[in-house]
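Step one of this worksheet: look at the structure below.
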Number of protein chains: 2
Amino acid sequence: MLELRHLRTLAALHETGSVSRAAKRVHLTQSALSHQIKSLQSHYGLSVIQRRGQSIELTDAGKHLVSLAEKVLQEIQATERDLAKVSQQASGSLRIALECHTCFDWLMPLMDEFRLHWPDVELDLVSGFHSDPVKLLEEGGADVVIGSEHKRQRDIIHHPLFRFEILAVLAPEDPLRTKRILHAADFADTTLITYPVPEDRIDLILNVLKPAGIHPQRRTAELTVAILQLVASRRGVAALPSWGIKNYVDHDYVIARRIGSNGLWSDLYASTLKETASRPYLRDFLTTARNTCFATLDGIVPLE
Amino acid sequence: MLELRHLRTLAALHETGSVSRAAKRVHLTQSALSHQIKSLQSHYGLSVIQRRGQSIELTDAGKHLVSLAEKVLQEIQATERDLAKVSQQASGSLRIALECHTCFDWLMPLMDEFRLHWPDVELDLVSGFHSDPVKLLEEGGADVVIGSEHKRQRDIIHHPLFRFEILAVLAPEDPLRTKRILHAADFADTTLITYPVPEDRIDLILNVLKPAGIHPQRRTAELTVAILQLVASRRGVAALPSWGIKNYVDHDYVIARRIGSNGLWSDLYASTLKETASRPYLRDFLTTARNTCFATLDGIVPLE
DNA sequence: CATATTTATGAATTTAATTCATTGGTTTTT
DNA sequence: AAAAACCAATGAATTAAATTCATAAATATG
């Protein structure tokens with residue numbers, strides 16, 4: 001018999017295009033999903049997905065079920081918002097602290113949508129730099145911190161968002177363009193253009209350059225566009241999320257290169273206090289965040 | 001986590017107005033449903049139903065979930081029809097043999113709806129009387145038999161529809177009107193007005209009168225309205241399903257009385273061959289049949 | 001051609017749902 | 001007013017089923 005579990009899986013398959021990624025998305029193993037799909041297929045006597053080389057493709061039947069899933073899951077979310085109103089859990093505050101500057105890109109439209117659904121929740125962005133963002137939660141200065149920190153800590157929950165790749169961004173004429181992959185040494189004589197945050201908050205420096213003993217010059221800019229403008233005009237190179245620069249790369253404004261043979265990856269979490277985690281509007285915020293990110297951001301991968 | 005199981009239960013609770021009846025409706029025990037409701041309530045931190053003395057009442061939250069359930073379950077049904085088309089299982093024949101004459105009442109609109117959803121299925125009513133309707137299935141004369149037969153038989157499946165009460169129908173001026181409950185003896189000097197079928201197909205005779213050694217006169221009519229017309233004009237009494245006479249009773253055209261202290265009840269099944277049972281359009285027919293009957297027919301109770 | 005990655009599968013395990021047996025309330029009956 | 005009948009709730013036992021584990025098969029990738 002069909003269950004929501006199946007629909008959630010179908011939606012994840014559609015989102016991620018692979019069984020193993022979908023499995024992470026719904027916090028199950030690849031095996032579990034494979035079994036699930038099998039039982040679904042035998043229940044309806046038709047196939048839902050088809051192996052397409054290394055990944056998979058949805059069949060016609062699968063597409064029908066996916067569109068059902070999307071419809072149904074949205075309706076459930078809407079009803080759950082209604083339930084929060086009924087039980088008077090539809091108010092409170094959601095002050096978001098952003099550790100990842102580029103995240104403004106997807107957070108802004110998300111906040112607009114959130115405001116529509118939760119008019120009685122005080123929504124705010126906590127601006128400025130914070131040395132210890134998790135402390136901010138404990139001190140009550142913010143309700144969610146969006147960043148890459150995820151070390152286990154009492155009374156704090158790190159809700160996984162997604163994993164993304166950080167690419168080196170170069171001017172199209174940069175001599176390094178000939179290399180398909182950049183390594184630490186390639187940054188030795190460059191100027192690194194970053195957001196105005198300490199060194200230990202920049203993955204490239206922390207995980208690649210510092211271990212290799214390389215300390216390039218730095219120059220900072222507040223906004224992603226400003227950084228890209230500097231890169232394009234050959235003032236230096238930057239390291240930014242692949243989805244944050246996609247448009248600029250597609251239009252040949254800049255070029256992007258992988259950092260290290262496996263790439264430089266970063267994980268994004270939304271951290272809250274334990275007590276905040278159970279609030280309906282926070283749960284809703286998280287699911288819509290994940291949904292919109294997986295739907296709109298290219299190249300991201302489920303986490304956990 | 002919410003599952004379709006919960007929504008199916010909610011819908012059944014709404015339909016039947018009681019946990020134990022809802023349990024039968026979804027083929028589970030009362031205990032299972034009670035646990036299910038409890039876990040649902042603790043998941044959302046609010047109550048869904050409230051004990052209202054003998055039976056139960058849905059809370060505001062419960063009503064929200066019920067309307068979600070109805071929407072979602074309909075969408076699933078629609079998608080399953082689409083899947084049948086995709087896998088080319090949307091054609092075949094559905095010839096219905098009716099053992100219960102009064103069932104025309106609900107079957108007609110149901111057939112109209114069915115035709116809309118399954119334009120490529122040959123839908124027919126097998127008319128006339130059949131001594132052994134199950135044999136009709138085996139001989140290929142019909143695809144479904146709607147009647148009260150349900151003895152286990154090889155290669156035949158009896159899909160339970162519902163249980164209903166058969167009431168004695170009297171003219172408003174009938175001397176028997178003073179009795180709240182009629183017993184076999186009360187029929188001794190009456191004329192029994194029935195459909196034109198053999199005695200052993202009339203529950204009142206088979207289960208009440210014959211065992212008591214009472215053999216009233218009989219007169220037959222083809223149509224329910226004709227029977228009621230005869231009753232109203234004092235030509236005799238009839239025994240008909242409570243839902244079949246509700247409108248006439250409500251308008252005081254006739255009056256209805258319980259037969260025996262526990263009432264005279266009859267069970268309705270839709271019987272098919274085993275192989276027919278798995279066809280998508282047959283399953284769809286059955287679920288819509290049950291849905292519309294439980295939604296529109298008063299006083300019916302889930303079976304099994 | 002070896003290696004990475006991805007999906008499929010059978011068996012074992014764990015989790016969760018359901019039933020069983022019983023109790024506590026309500027209503028109805030006598 | 002007591003008894004009977006009915007209905008829902010509960011905890012423990014049971015059963016069922018979903019998930020994981022371990023592994024194989026299949027398909028790119030370098």
Side-chain angles (χ1 to χ4, degrees), chain A residues 1-10 12-43 47-59 62 163 165 179-181 258 260-263 265 299 301-302 304, chain B residues 1-10 12-43 47-59 62 163 165 180-181 258 260-263 265 301-302 304:
Chain A
M1 182 141 265
L2 187 71
E3 282 295 346
L4 285 179
R5 161 171 28 98
H6 300 118
L7 296 184
R8 294 196 182 98
T9 294
L10 262 305
L13 283 170
H14 174 67
E15 245 179 25
T16 62
S18 110
V19 178
S20 37
R21 281 197 295 273
K24 281 185 191 148
R25 182 76 174 84
V26 297
H27 307 296
L28 289 172
T29 62
Q30 171 267 319
S31 177
L33 252 66
S34 203
H35 283 293
Q36 224 176 73
I37 294 163
K38 198 186 173 189
S39 85
L40 190 65
Q41 294 186 145
S42 75
H43 176 250
S47 67
V48 177
I49 58 169
Q50 225 173 356
R51 282 198 69 159
R52 195 76 178 164
Q54 61 183 5
S55 67
I56 52 134
E57 198 181 36
L58 288 156
T59 64
R163 168 167 292 181
E165 185 169 4
K179 303 194 133 196
R180 219 165 51 81
I181 293 174
R258 166 159 288 192
S261 50
N262 294 320
W265 294 82
V301 154
E304 187 138 311
Chain B
M1 182 140 266
L2 186 71
E3 283 295 345
L4 285 179
R5 159 171 30 100
H6 299 117
L7 296 184
R8 295 196 182 99
T9 295
L10 262 304
L13 281 170
H14 173 68
E15 244 179 26
T16 62
S18 109
V19 178
S20 36
R21 281 195 295 272
K24 282 184 191 149
R25 183 77 173 84
V26 298
H27 307 296
L28 290 171
T29 62
Q30 171 266 319
S31 177
L33 252 66
S34 204
H35 283 294
Q36 224 177 73
I37 295 163
K38 197 186 173 190
S39 84
L40 190 65
Q41 293 186 146
S42 75
H43 176 252
S47 66
V48 176
I49 58 169
Q50 224 174 354
R51 283 198 68 159
R52 198 73 179 163
Q54 185 84 254
S55 65
I56 52 133
E57 198 181 37
L58 288 156
T59 64
R163 168 167 291 181
E165 185 169 3
R180 217 165 51 80
I181 293 174
R258 166 160 287 192
S261 49
N262 294 319
W265 294 82
V301 154
E304 187 139 308

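By convention in this document, chain letters (A, B, ...) are assigned in the order of the sequence lines, proteins followed by strands, and residues within each chain are numbered from 1.
Interface remark: the B:His35 side chain does form a donor-acceptor pair with the C:dT19 base, using a distance-only criterion of under 3.5 Å. Evaluation of atom-type donor-acceptor distances gives no pair under 3.5 Å for the side chain of A:His27 against the base of D:dT19. With hydrogens and angles ignored, no donor-acceptor pair closer than 3.5 Å exists between the side chain of A:Ser55 and the base of C:dT6.
The interatomic distance linking B:Gln41 (CD) with D:dT10 (P) rounds to 9 Å, in whole Å. Atom CE in B:Met1 sits about 12 Å away from atom P in D:dT19, given to the nearest Å. Between B:Gln50 atom CD and D:dA8 atom P there is a gap of 14 Å when expressed in whole angstrom units. One interatomic measurement links the two molecules: CD of A:Glu3 to C1' of C:dT15, which rounds to 15 Å at whole-angstrom precision. If you measure from atom NZ of A:Lys24 to atom P of D:dT19, you get 18 Å, rounded to the nearest angstrom. For the pair B:Asn262 CG and C:dT28 P, the computed distance is 16 Å after rounding to whole Å. If you measure from atom CG of B:Leu40 to atom P of D:dA9, you get 13 Å, rounded to the nearest angstrom. Taking atom CD of A:Glu57 as the reference point, atom P of D:dT27 lies 15 Å away to the nearest angstrom.
With hydrogens and angles ignored, the 3.5 Å screen pairs no side-chain donor or acceptor of A:Arg52 with any backbone N or O of A:Glu57. For the pair B:Arg21 (side chain) and B:Thr16 (backbone), a donor-acceptor distance under 3.5 Å is present.
Of all nucleotides listed (C:dT7, D:dA8, C:dT19), C:dT19 comes nearest to the side chain of B:Ala32. Distances from the side chain of B:Ser31 to the nucleotides D:dC7, C:dT19, C:dT9 place C:dT19 closest. For B:Arg21, counting side-chain heavy atoms from C-beta on, the closest listed nucleotide (D:dC7, D:dT10, C:dT18) is D:dC7. Residue A:Lys38 places its side chain closer to C:dT9 than to any other of C:dT18, D:dT10, C:dT9.
Contact check for A:Leu10 versus A:Leu40: side-chain heavy atoms found under the 4.5 Å cut-off. A:Ser42 has its side chain out of reach of A:Lys38: every pair of non-hydrogen atoms, C-beta onward, lies at least 4.5 Å apart.
Mapped onto DNA chain D by nearest heavy atom, A:Arg180 and B:Val19 fall at different nucleotides, with B:Val19 at the one closer to the 5' end. Place A:Thr29 and B:Ser18 on DNA chain D by their nearest nucleotides, and B:Ser18 ends up nearer the 5' end.
With rounding to the nearest 0.5 angstrom, the CZ atom of B:Arg258 is 4.0 Å from the CD atom of B:Glu165. If you take CZ on B:Arg8 and CD on A:Glu3, they are separated by 5.0 Å, rounding to the nearest 0.5 Å.
The partner of C:dT9 is D:dA22, by the rule that a Watson-Crick or G-U pair needs both atom distances under 3.5 Å. Nucleotide C:dT28 is matched to D:dA3 when pairs are restricted to Watson-Crick or G-U wobble geometry with both distances under 3.5 angstrom.
Within the 4.0 Å cut-off from OP1 or OP2 of D:dT19, at least one side-chain nitrogen or oxygen of A:Gln36 is found. A close approach under 4.0 Å does not occur between any side-chain nitrogen or oxygen of B:Arg51 and OP1 or OP2 of C:dG25.
Syn is the classification of C:dA4, since its glycosidic angle stays within 90° of 0.
Contacts of A:Ser20 with the nucleic acid, taken as non-hydrogen atoms under 4.0 Å apart, involve only primed sugar atoms and P, OP1 or OP2. Here B:Ser39 lies out of heavy-atom contact (under 4.0 Å) with every strand.
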